[in-house]
Participant: 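Before I ask anything, let me first share the structure, which is written out below as structure tokens.
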Amino acid sequence: MATNLKNLSQYGPDEIPSGEGKRIGIVVSEWNQEITTALLEGAVRTLTEHGVREEDIRIAHVPGSFELPLGAQ
């Protein structure tokens, strides 16, 4: 949880375990694409920086927030 004492936008890269060999699924809403596209790009960039191969990241697009749980299934 973010608090006034901890900024979750900053983290120690050395504290993150390697993502090598992991397969990751990301579900992203198409609603408000300006924001969700930037979030998706940041997530993919961070995952690849920590060893996850791009071909091991599966991205599913859904129309809105209501469909996110179904997309995650």
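Just so you know, these numbers use all the heavy atoms, side chains as well, and skip hydrogens, waters and symmetry mates.
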Participant: What pair of heavy atoms forms the shortest contact from Glu54 to Thr48, and how long is it?
Facilitator: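 Taking every non-hydrogen atom into account, CG-CG2, 3.5 Å.
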Participant: I'd like to know whether Ile59 forms a side-chain contact (heavy atoms from CB on, under 4.5 Å) with Val44, so could you lay out the CA-CA distance, the side-chain angles of the two residues, the decisive distance to 0.1 Å, and finally the verdict.
Facilitator: CA-CA 10 Å; Ile59 300 167; Val44 170; 4.1 Å; yes
Participant: Got a sec, which hydrophobics cluster with Leu39, joining ILVMFWY side chains under 4.5 Å apart, including via others?
Facilitator: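 Answer for Leu39: Ile35.
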Participant: Taking atom CD as the centre, does Glu20 end up with more than 12 heavy-atom neighbours from other residues, nucleotides or ligands that are less than 6.0 angstrom away?
Facilitator: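 Count not over threshold, so no.
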Participant: Are Ile24 and Leu40 grouped together when hydrophobic residues (ILVMFWY) are joined by side-chain heavy atoms under 4.5 angstrom apart?
Facilitator: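 The answer is yes; both residues are in one hydrophobic cluster.
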Participant: Suppose we screen for side chain to side chain donor-acceptor pair (under 3.5 Å). Which residues come up paired with Asp56, at least two apart in sequence or across chains?
Facilitator: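 Scan of Asp56 (side chain to side chain donor-acceptor pair (under 3.5 Å), adjacent residues dropped) gives Arg53.
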Participant: Do Val52 and Val27 sit in the same hydrophobic cluster, where Ile, Leu, Val, Met, Phe, Trp and Tyr count as joined when their side-chain heavy atoms come under 4.5 Å apart?
Facilitator: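 Different clusters.
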Participant: Roughly how far apart are Thr36 OG1 and Ile26 CD1, rounded to 0.5 Å?
Facilitator: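 Going from OG1 on Thr36 over to CD1 on Ile26, the span is 12.0 Å.
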Participant: Indicate every side-chain donor-acceptor pair of residues 61-69 with a distance under 3.5 Å to a residue at least two apart or in another chain.
Facilitator:
| residue | atom | partner | partner atom | Å |
| --- | --- | --- | --- | --- |
| Glu67 | OE1 | Gly64 | N | 2.9 |

